[in-house]
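Nothing here was measured: the structure is a model prediction, and the numbers come from that model.
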2 protein chains.
Amino acid sequence: MVQYSPVDRTFAALADPTRRLVLERLGSGSATISELAQPFGMSLTGMKKHVRVLEETQLVATEKVGRTRLCHLGPRRLDDVRMWVETYRQMVNEQLDRFGDVLDRTKGDRQ
Amino acid sequence: MVQYSPVDRTFAALADPTRRLVLERLGSGSATISELAQPFGMSLTGMKKHVRVLEETQLVATEKVGRTRLCHLGPRRLDDVRMWVETYRQMVNEQLDRFGDVLDRTKGDRQ
DNA sequence: CGAATACTGAACCATTAAGTTCAGTATTGG
DNA sequence: CCAATACTGAACTTAATGGTTCAGTATTCG
């Protein structure tokens with residue numbers, strides 16, 4: 001098996017809908033673990049685990065404030081992920097062009 | 001647990017480095033299962049499983065040709081994934097702006 | 001025809017992931 | 001001080017992943 005890079009772990013972090021929703025929630029301001037867990041009806045421990053995954057990928061940063069833990073968006077900008085997706089898009093387009101060529105040659109007409 | 005949407009499955013499909021490399025390989029033209037498996041020193045069965053994941057997310061399409069299976073890039077354009085990442089980027093920027101505001105005001109309770 | 005090739009499916013295994021509960025610890029408010 | 005609150009860690013359960021091997025089936029080639 002191949003070892004996992006930051007990009008791998010970031011894609012994996014984003015693959016969970018709960019975590020994407022947490023990120024969206026944090027887009028409107030910081031929140032504690034309880035506040036994040038509540039709308040999902042999830043245990044604090046469960047949400048804590050999600051937050052840890054998001055912290056490991058730097059998508060979230062946290063700080064202990066009294067007995068609560070404040071979570072907010074982290075420094076991670078997803079540049080590598082955006083780059084991969086953009087490169088992929090270009091690749092697909094080139095493939096489509098090539099496929100178009102083949103179509104033109106075999107069928108001899110457009111559309 | 002939340003149920004898994006196509007976006008979820010796509011992020012998960014892209015989380016594996018082997019699968020991303022397969023996609024990149026297919027960017028330069030179609031290939032059989034054997035041809036895809038060879039550079040990874042992986043069993044055909046193993047590669048077949050990866051291809052199935054990519055097929056389920058429409059990132060790859062395949063067709064049986066004689067005793068081989070030809071794989072090429074599928075119809076999936078990753079538009080939803082790109083959209084999510086882009087929206088996230090804007091969100092982070094807004095957060096950074098807000099953080100600047102807070103700094104200007106010296107203190108600041110959250111919310 | 002018969003052997004080699006290319007894939008396929010089933011069964012298995014080890015690891016990780018997502019969630020839980022339960023038993024703590026630290027902080028706060030009265 | 002004491003009880004309630006908020007989190008934390010360990011242990012456990014269940015299911016999914018990523019890989020394997022082995023025993024087929026279908027196709028091609030000499």
Side-chain angles (χ1 to χ4, degrees), chain A residues 1-23 25-26 29-57 59-72, chain B residues 1-26 29-57 59-72 109-111:
Chain A
M1 204 220 296
V2 199
Q3 62 180 354
Y4 292 120
S5 72
V7 200
D8 300 337
R9 279 188 274 111
T10 306
F11 270 120
L14 297 177
D16 189 289
T18 302
R19 285 194 290 261
R20 288 202 312 281
L21 287 171
V22 163
L23 289 177
R25 162 65 183 81
L26 294 180
S30 22
T32 65
I33 302 282
S34 303
E35 288 166 352
L36 291 177
Q38 188 270 321
F40 296 100
M42 179 179 291
S43 69
L44 292 193
T45 311
M47 180 51 69
K48 177 88 190 318
K49 283 190 173 184
H50 281 302
V51 168
R52 195 169 58 86
V53 171
L54 293 169
E55 267 190 289
E56 283 166 359
T57 48
L59 287 162
V60 158
T62 75
E63 48 187 322
K64 192 76 182 177
V65 174
R67 60 187 164 183
T68 75
R69 177 170 295 276
L70 239 307
C71 310
H72 50 92
Chain B
M1 197 214 301
V2 200
Q3 61 181 354
Y4 292 120
S5 70
V7 200
D8 300 337
R9 302 181 124 278
T10 306
F11 269 120
L14 297 177
D16 189 288
T18 303
R19 286 194 290 261
R20 288 202 311 282
L21 287 171
V22 164
L23 289 176
E24 287 166 21
R25 162 66 183 79
L26 294 180
S30 23
T32 65
I33 302 281
S34 302
E35 287 165 352
L36 291 177
Q38 189 270 323
F40 296 100
M42 179 180 290
S43 69
L44 293 193
T45 311
M47 180 50 69
K48 177 87 189 319
K49 283 189 174 188
H50 281 304
V51 167
R52 196 167 60 84
V53 171
L54 292 169
E55 267 191 289
E56 282 166 358
T57 47
L59 288 162
V60 159
T62 74
E63 49 187 323
K64 193 76 183 177
V65 174
R67 60 188 164 181
T68 76
R69 177 171 296 276
L70 239 299
C71 310
H72 49 91
D109 301 347
R110 76 194 175 81
Q111 281 301 38

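Atoms CD1 (A:I33) and P (C:dT27) sit 16 Å apart, rounded to a whole Å. For the pair A:L36 CG and D:dA6 P, the computed distance is 13 Å after rounding to whole Å. Between the CZ atom of B:R9 and the C1' atom of D:dT17 there is a distance of 12 Å, given to the nearest Å. Distance CG (B:D16) to C1' (D:dG18): 8 Å, rounded to an integer number of Å. Between B:L54 atom CG and D:dT17 atom C1' there is a gap of 14 Å when expressed in whole angstrom units. One can place CG of A:D8 at 11 Å from P of D:dG18, the figure rounded to the nearest angstrom. With rounding to whole Å, B:Y4 atom OH is found 13 Å from D:dA15 atom P. Summarising the geometry, the separation between CE on B:M47 and P on D:dT17 is reported as 17 Å, rounded to the nearest angstrom.
Partners of B:L44 according to the side-chain contact (heavy atoms from CB on, under 4.5 Å) rule, which considers only residues two or more places apart in sequence or in another chain, are B:I33, B:S34, B:A37. With sequence neighbours left out, the salt bridge (Lys or Arg N to Asp or Glu O under 4.0 Å) criterion links B:E56 to B:R9, B:R52. Annotation: side-chain contact (heavy atoms from CB on, under 4.5 Å) contacts of B:S30 (sequence neighbours excluded): B:L70, B:H72. Looking at residues two or more places apart in sequence or on another chain, you find no salt bridge (Lys or Arg N to Asp or Glu O under 4.0 Å) involving B:R19. Remark: B:R20 engages A:D8 in a salt bridge (Lys or Arg N to Asp or Glu O under 4.0 Å) (not counting sequence neighbours).
Base engagement by A:L44 is indicated by at least one non-hydrogen atom pair under 4.0 Å involving a base atom. If you check every strand for non-hydrogen atoms under 4.0 Å, B:R52 touches nothing.
Taking only side-chain nitrogens and oxygens, A:R69 comes nearer than 4.0 Å to OP1 or OP2 of D:dT8.
You'll find the side chain of B:L59 stays beyond 4.5 Å of the side chain of B:L26, heavy atoms only.
In terms of position along DNA chain C, the nucleotide closest to B:K49 lies nearer the 5' end than the nucleotide closest to the other residue of the pair A:K49 and B:K49.
Relative to the side chain of A:T68, the nucleotides C:dG19, D:dA6, D:dG19 differ in distance, and D:dA6 lies closest.
If you take NZ on B:K48 and CD on B:E55, they are separated by 7.5 Å, rounding to the nearest 0.5 Å.
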Collect all protein-nucleotide pairs involving nucleotides 21-30 of chain D in which both atoms are nitrogen or oxygen and the distance is under 3.5 Å.
{"from": "D:dT21", "atom 1": "O4", "to": "B:T45", "atom 2": "OG1", "distance (Å)": "3.4"}
{"from": "D:dT27", "atom 1": "O2", "to": "B:R67", "atom 2": "NH1", "distance (Å)": "3.1"}

